[in-house]
2 protein chains.
Amino acid sequence: MTSFQSFKEYYVPKIDQQLSNQILSIEAPVILKEAMNYSLAAGGKRVRPLFLLAVLDFLKVKHGEALAVGATIEMVHTYSLIHDDLPSMDNDDFRRGKLTNHKVYGEALAILAGDGLLTYSFGALARLKEVPAENKLELIHLLSKAAGAEGMVGGQVLDIESERKKVTVDELETIHINKTGALLSFSIEAGAILAQVDDNIRKALTDFGFHIGLAFQIQDDILDIEGTTEELGKTAGKDVASEKNTYPSLLTLNGAKDKRDWHYDQAVLSLRQISDEPGILDELAAYIVNRHN
Amino acid sequence: MTSFQSFKEYYVPKIDQQLSNQILSIEAPVILKEAMNYSLAAGGKRVRPLFLLAVLDFLKVKHGEALAVGATIEMVHTYSLIHDDLPSMDNDDFRRGKLTNHKVYGEALAILAGDGLLTYSFGALARLKEVPAENKLELIHLLSKAAGAEGMVGGQVLDIESERKKVTVDELETIHINKTGALLSFSIEAGAILAQVDDNIRKALTDFGFHIGLAFQIQDDILDIEGTTEELGKTAGKDVASEKNTYPSLLTLNGAKDKRDWHYDQAVLSLRQISDEPGILDELAAYIVNRHN
């Protein structure tokens, strides 16, 4: 077993527990808490919290609220999946091998469960106890940018707009930097903020986040072609069938793999600016580009 | 012209300008900014920002960022209207006499415009310049509660759940305390936070917010019966037609008016605990219960 595997096996149940505890503590209608919890508990790789935790591990900093911040980011990610899956958006019936939120709870409750998760996350950051006030405000400011119109929400709009036309590789990159990259990068920057690193280290980690975010998305596109529906927990080949703009469709499959590997290499080089010694964070990056789901 | 009328005529254009400036400053896809701005610019009474400003006026405190905070709350209110109007929720085609967001931009963009407004609002609070860090965090924490599963989102869920059954007056009150009261109360509490008042004054203002929030909602229900579609900018009589649980349906029209007036009286009494001298805030409260739209 690699050290990353034991890292993951140690932390993923703790992340799950944290998510479940946070939802339980909310005083809200039972059906709403159920809908919020349904998508949180539907599994997922917990990539964003793991990145935050791996950044702290890489920096050799322990932080009592890293799990809480990681869980908050996972909530924002989950809200975005619930809304993206809606009939008026991607209209997906399955996610992670389970029925999507609106297929179980109906559209209205799915929209509200997403709204509830997003709204909760900002309050959760504001209530952190071991993070200085100015750092909490920076986390909130950056999460708002990464998740909002200037980041994830904007990226989803660009993605929808691109559906009816052929885009360039640069345009596709802009979509993904916003749609998936921004929140993934935030999880890495959040680790840097909790660790209170200097500007140079923060810059190197931000660069790492940028490149690994793109590598992550390119691998997603590759998996739609190479993965099976069983492995993915969602319909494989959907991108090709819907003539979606993807890295393989614009660059060929091998071209996409080359681009993924280039971003992976850049990401790793950024880490070497901080430390010569590879850590769990390096393994997580490798996992991102080698994963089968 | 009453002093409230001149207050309103002075501030509403400033609130509108603030909203428009904030949207313009966002770096996001044009169509998304358009959709976000469409509903913000569709008018509305700007009740929540006016409450915040009137609280500061009542406390004789000037604050350079009161408009910015008020605009932020209006954004959260507007996001909630966009989502509430969606086909899977209230399915409204008109709002304030104009087509609803999804009728103009489609459901996907309407959902995302709402998400964008909500997400932006928390960042805007974090970026305030003249508010101490601890107060900004308190605003974010309270907004998250008021707008989220424990407040507005939870209230909307209760409202949807109540559609198929008869509720008691207490249950109806719980719905409205959450669905409309929580954010309205927050706008009043936000004024108290910006003014940094002591606990007694804050308690009196919180009580004021609770009662005026309920009076506001009861008047909404009354207007659905007594108002015309032209006055309201939305279909009058919709509640009766859909057999919705309302104060008039549970208490009779006169019973609802009595309850509205009782809450109004309680609200005014709370203000008298702070000052013997009625102010703009008193007039705003009176406007709330006497308005025709």
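Numbers restart at 1 for each chain; the letters A, B, ... are given by sequence-line order, proteins then strands. All values derive from a computational prediction rather than experimental measurement.
In terms of heavy-atom pairs under 4.5 angstrom with chain B, the leader among A/Ile31, A/Leu142, A/Val76 is A/Ile31. Each of B/Lys33, B/Lys136, B/Met36, B/His83 has some count of heavy-atom pairs under 4.5 Å with chain A, and the biggest count is that of B/His83. Chosen from B/Ile140, B/Leu137, B/Leu139, the residue pairing most often with chain A at heavy-atom distances under 4.5 Å is B/Leu137.
Using a 4.5 Å cut-off between non-hydrogen atoms, the part of residues 146-180 of chain B that approaches chain A consists of B/Ala147, B/Gly148, B/Ala149, B/Glu150, B/Val153, B/Gly154, B/Gln156, B/Val157, B/Leu158, B/Ile160, B/Glu161. Taking 4.5 Å as the heavy-atom cut-off, none of the residues of residues 183-191 of chain B approach chain A. Within residues 84-96 of chain A, the residues approaching chain B closer than 4.5 Å by heavy atoms are, in numerical order, A/Leu86, A/Ser88, A/Met89. For a heavy-atom cut-off of 4.5 Å, chain B lies close to A/Glu107, A/Ala108, A/Leu109, A/Ile111, A/Leu112, A/Asp115, A/Gly116, A/Leu118, A/Thr119, A/Tyr120, A/Phe122, A/Gly123, A/Ala126, A/Arg127 in residues 100-127 of chain A.
For CG of A/Asp198, the number of neighbouring non-hydrogen atoms (other residues, nucleotides, ligands) closer than 6.0 Å is greater than 12. For A/Glu243, the CD atom counts as loosely surrounded, since its 6.0 Å shell holds 12 or fewer non-hydrogen atoms of other residues, nucleotides or ligands.
For a residue to count as touching a neighbouring chain, one of its non-hydrogen atoms must lie under 4.5 Å from one of that chain's; by this rule B/His141 touches chain A with backbone and side chain alike.
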